[in-house]
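Keep in mind the model is a prediction, meaning the values are calculated, not measured.
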Amino acid sequence: MIIRSQRRMFLSILLGGVLSASSAWFAGSARAADIRIAMVVKNLGNGFFEAAHNGGNEAAKELGGVEVIYTGPTTPTAEGQIEIISTLIAQKVDAIVISANDPDALVPICKRALSRGVSVLSFDSGVAKAGRSFQINPSNPTLIGEKQIAMVNKTIGGKGEIAILSATTQATNQNTWIKVMKATLEKPEYKGLQLVDVVYGDDQSDKSYREAIGLLRKHPNLKAIIAPTTVGITASAKAVTDQKLVGKVFVTGLGLPSEMAGHVHSGAVDTFAIWNPIDLGYTAVYAAAQLVRKKASGKPGTTVSVGRMGTLSIDANGDAAMAEPFTFDKSNVDQFAKFF
Ligand code: RAM
């Protein structure tokens with residue numbers, strides 16, 4: 001596991017900016033790609049994955065001889081990803097790094113890719129064990145779930161009705177976090193919080209917005225919406241603002257500073273969290289190249305060296321976790337908004 005304090009993460013982000021700026025001058029000397037790594041994201045048009053793509057490109061430049069093919073369905077469905085992976089197998093890519101729309105539905109196609117010699121890793125949102133070498137979690141899932149309850153608790157003073165607005169019903173990562181959030185709410189220190197609803201905006205802005213409006217209408221005493229998705233949190237903050245409920249209903253969850261800064265300043269959002277998606281994409285592509293180049297086995301209990309991110313340790317379950325989620329508020333959101 002890579003353990004870094006928030007302070008080190010901050011430095012890494014700043015350094016990341018410097019690295020990507022300085023990498024331009026040697027890009028021209030990179031040799032033609034001998035490895036093609038497909039980054040299959042939940043869906044296109046999501047700023048979180050675009051940042052991960054930038055990180056993947058940074059790893060590719062640094063490694064040399066690596067091409068990143070960025071792809072994903074237009075809406076976040078397992079069917080769309082299955083079709084894309086079939087094509088990638090036919091194109092004989094060397095590796096696939098995927099953020100899955102469903103843990104189980106993708107197993108057969110990922111197994112087919114593995115059987116054809118394609119390295120398969122999942123990152124962000126995992127494929128079940130049988131369908132990939134290992135899963136790169138941005139952070140420990142328990143920490144991510146607990147952090148969101150701690151944030152909402154602080155913002156609304158430990159008392160009131162809350163609701164969750166998630167991504168798709170099948171998303172591996174959000175479902176894991178929701179499970180942790182529900183378990184965390186059982187703790188005595190959170191007895192004042194009452195979870196009244198869980199709805200799904202499918203990581204689509206318009207559907208998330210409609211679901212958020214639905215929550216506000218259905219629960220007139222709602223104090224907060226937790227959206228563990230960068231698309232959902234933005235849509236929820238907009239809904240709260242449009243309904244003139246800023247100061248009455250608060251939004252928290254996982255967001256990108258670049259998309260949340262305005263909502264933090266308006267007061268719709270007090271605090272939110274996220275990890276660095278650039279680092280996540282960098283790590284996924286770097287690790288995949290290490291597998292293809294046989295510099296790592298990807299087996300449980302082994303490690304993979306991942307450039308500026310250090311070493312990933314794969315646990316007995318085939319999971320590797322990165323840094324702690326980082327918390328943002330008025331004091332630091334603008335500083336990070338230029339990076340992701
Ligand atoms: C959305 C996606 C992604 C998740 C982030 C927090 O962009 O659902 O999978 O990790 O939110």
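With sequence neighbours left out, the salt bridge (charged side-chain N to carboxylate O under 4.0 Å, His left out) criterion links Lys238 to Asp242. With sequence neighbours excluded, no residue forms a salt bridge (charged side-chain N to carboxylate O under 4.0 Å, His left out) with Glu259. In this view, Asp203 satisfies the salt bridge (charged side-chain N to carboxylate O under 4.0 Å, His left out) rule with no residue, not counting sequence neighbours. Partners of Lys248 by side-chain contact (heavy atoms from CB on, under 4.5 Å), not counting sequence neighbours, listed by chain and number: Leu245. Partners of His219 by ring pair (Phe, Tyr, Trp, His ring centres under 6.0 Å), not counting sequence neighbours: none found. Lys218 meets the salt bridge (charged side-chain N to carboxylate O under 4.0 Å, His left out) test with Asp197; sequence neighbours excluded. Applying the side-chain contact (heavy atoms from CB on, under 4.5 Å) rule to Ala60 yields the partners Val66, Val68; only residues at least two apart in sequence or on another chain are considered. Under the ring pair (Phe, Tyr, Trp, His ring centres under 6.0 Å) criterion, Tyr70 pairs with His53, sequence neighbours left out. The ring pair (Phe, Tyr, Trp, His ring centres under 6.0 Å) search around Tyr286 returns Tyr282, not counting sequence neighbours.
Annotation: the span from Asp202 atom CG to Thr169 atom OG1 amounts to 7.0 Å, rounded to 0.5 Å. Asn276 contributes atom CG, which lies 4.5 Å from atom CZ of Phe340 (distance to the nearest 0.5 angstrom). Note that the CD atom of Glu58 and the CG atom of Asn54 stand 9.0 Å from one another [nearest 0.5 Å]. Between the OG1 atom of Thr230 and the CG atom of Leu256 there is a distance of 5.0 Å, given to the nearest 0.5 Å. Within the model, atoms CG of Leu280 and CZ of Phe123 stand 6.0 Å from one another, a figure rounded to the nearest 0.5 Å. With values rounded to the nearest 0.5 angstrom, Gln290 atom CD is found 5.0 Å from Ser305 atom OG.
With a 6.0 Å radius and a threshold of 12 heavy atoms from other residues, nucleotides or ligands, Lys111 has its NZ atom at or below the threshold.
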Would you give me the side-chain donor-acceptor pairs under 3.5 Å for residues 83-94, sequence neighbours excluded?
from: Thr87; atom 1: OG1; to: Glu83; atom 2: O; distance (Å): 3.1
from: Asp94; atom 1: OD2; to: Arg36; atom 2: N; distance (Å): 2.7

Listed pairs under 3.5 Å, donor-acceptor, residues 267-274 side chains, sequence neighbours left out:
from: Asp270; atom 1: OD2; to: Lys154; atom 2: NZ; distance (Å): 3.4
from: Asp270; atom 1: OD2; to: Thr155; atom 2: OG1; distance (Å): 2.7
from: Thr271; atom 1: OG1; to: Phe328; atom 2: O; distance (Å): 3.1

Taking distance alone, no hydrogens or angles, what donor-acceptor pairs closer than 3.5 Å link side-chain atoms of residues 39-51 to residues at least two apart or in another chain?
from: Lys42; atom 1: NZ; to: Asn173; atom 2: OD1; distance (Å): 3.0
from: Lys42; atom 1: NZ; to: Gln174; atom 2: OE1; distance (Å): 2.9
from: Asn46; atom 1: OD1; to: Phe48; atom 2: N; distance (Å): 2.8

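Residues Pro76 and Gln204 form a side-chain contact, since some pair of their non-hydrogen atoms from C-beta on lies under 4.5 Å apart. The closest side-chain heavy-atom distance from Ile233 to His263 is not below 4.5 Å. Using a 4.5 Å heavy-atom threshold, the side chains of Lys223 and Lys159 count as separate. Considering only heavy atoms from C-beta on, Pro108 stays 4.5 Å or farther from Ile82 through its side chain. For the pair Ile162/Ile226, a side-chain contact is recorded, criterion being any heavy-atom separation below 4.5 Å from C-beta on.
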Worked verdict on Glu62 versus Arg308 for salt bridge (charged side-chain N to carboxylate O under 4.0 Å, His left out) = CA-CA 10 Å; Glu62 202 177 306; Arg308 71 168 168 82; 5.2 Å; no
side-chain contact (heavy atoms from CB on, under 4.5 Å) between Ser205 and Thr234, intermediate numbers included | CA-CA 8 Å; Ser205 300; Thr234 313; over 6 Å; no
Checking side-chain contact (heavy atoms from CB on, under 4.5 Å) for the pair Leu216/Ile225: CA distance, chi angles, key distance, verdict?
-> CA-CA 9 Å; Leu216 298 171; Ile225 298 175; 4.3 Å; yes
Begin from the C-alpha positions of Leu63 and Arg293 and carry the test side-chain contact (heavy atoms from CB on, under 4.5 Å) through to its verdict.
-> CA-CA 11 Å; Leu63 287 157; Arg293 288 184 172 153; 4.1 Å; yes
Could you walk me through whether Ile136 and Met322 pass side-chain contact (heavy atoms from CB on, under 4.5 Å), step by step?
-> CA-CA 8 Å; Ile136 304 175; Met322 295 171 66; 3.7 Å; yes
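Side chain of Asp102 to main chain of Thr77: no donor-acceptor pair is present (N/O by atom type, distance under 3.5 Å, no hydrogens or angles). When atom types are taken as modelled, the side chain of Lys207 and the backbone of Tyr200 share a donor-acceptor pair closer than 3.5 angstrom. In this structure, the side chain of Arg132 engages the main chain of Gly318 through a donor-acceptor pair within 3.5 Å. In this structure a side-chain-to-backbone donor-acceptor pair under 3.5 Å is present from Asp329 to Ser331. Of the possible donor and acceptor atoms, none in the side chain of Lys294 sits under 3.5 Å from a partner among the backbone N and O of Leu291. A distance-only check finds a donor-acceptor pair linking the side chain of Gln81 to the backbone of Ser99 [under 3.5 Å].
Using a 4.5 Å cut-off between side-chain heavy atoms of Ile, Leu, Val, Met, Phe, Trp and Tyr, with links allowed through other members, Val285 and Val118 fall into different hydrophobic clusters. Following chains of ILVMFWY side-chain contacts shorter than 4.5 Å, one can reach Leu215 starting from Leu254, so the two form part of one hydrophobic cluster. Under the 4.5 Å side-chain heavy-atom criterion for grouping Ile, Leu, Val, Met, Phe, Trp and Tyr, Met151 is not connected to Phe250 through any hydrophobic cluster. Under a hydrophobic-cluster definition in which Ile, Leu, Val, Met, Phe, Trp and Tyr are linked whenever side-chain heavy atoms come within less than 4.5 Å, directly or via other members, Val120 and Ile37 are assigned to different clusters. A single hydrophobic cluster is not seen to contain both Ile213 and Leu222; linkage of ILVMFWY side chains at heavy-atom distances under 4.5 Å, directly or through other members, places them apart.
Closest approach of Pro228 to Ile164, counting heavy atoms only: CD-CG2, 4.0 Å. The shortest non-hydrogen separation linking Ala130 to Leu114 is O-CD1, 4.3 Å. Across all non-hydrogen atoms, the minimal contact from Leu312 to Ala320 is CD2-CB, 3.9 Å. Nearest heavy atoms, Gly131 versus Cys110: O-CB, 3.0 Å. Shown here for Ala284 and Val97, the closest heavy-atom pair between the two residues is O-CG1, 3.6 Å. The shortest non-hydrogen separation linking Ala239 to Ala212 is CB-CB, 3.7 Å.
A donor and an acceptor atom, one from each side chain of Lys147 and Thr327, are located under 3.5 Å apart.
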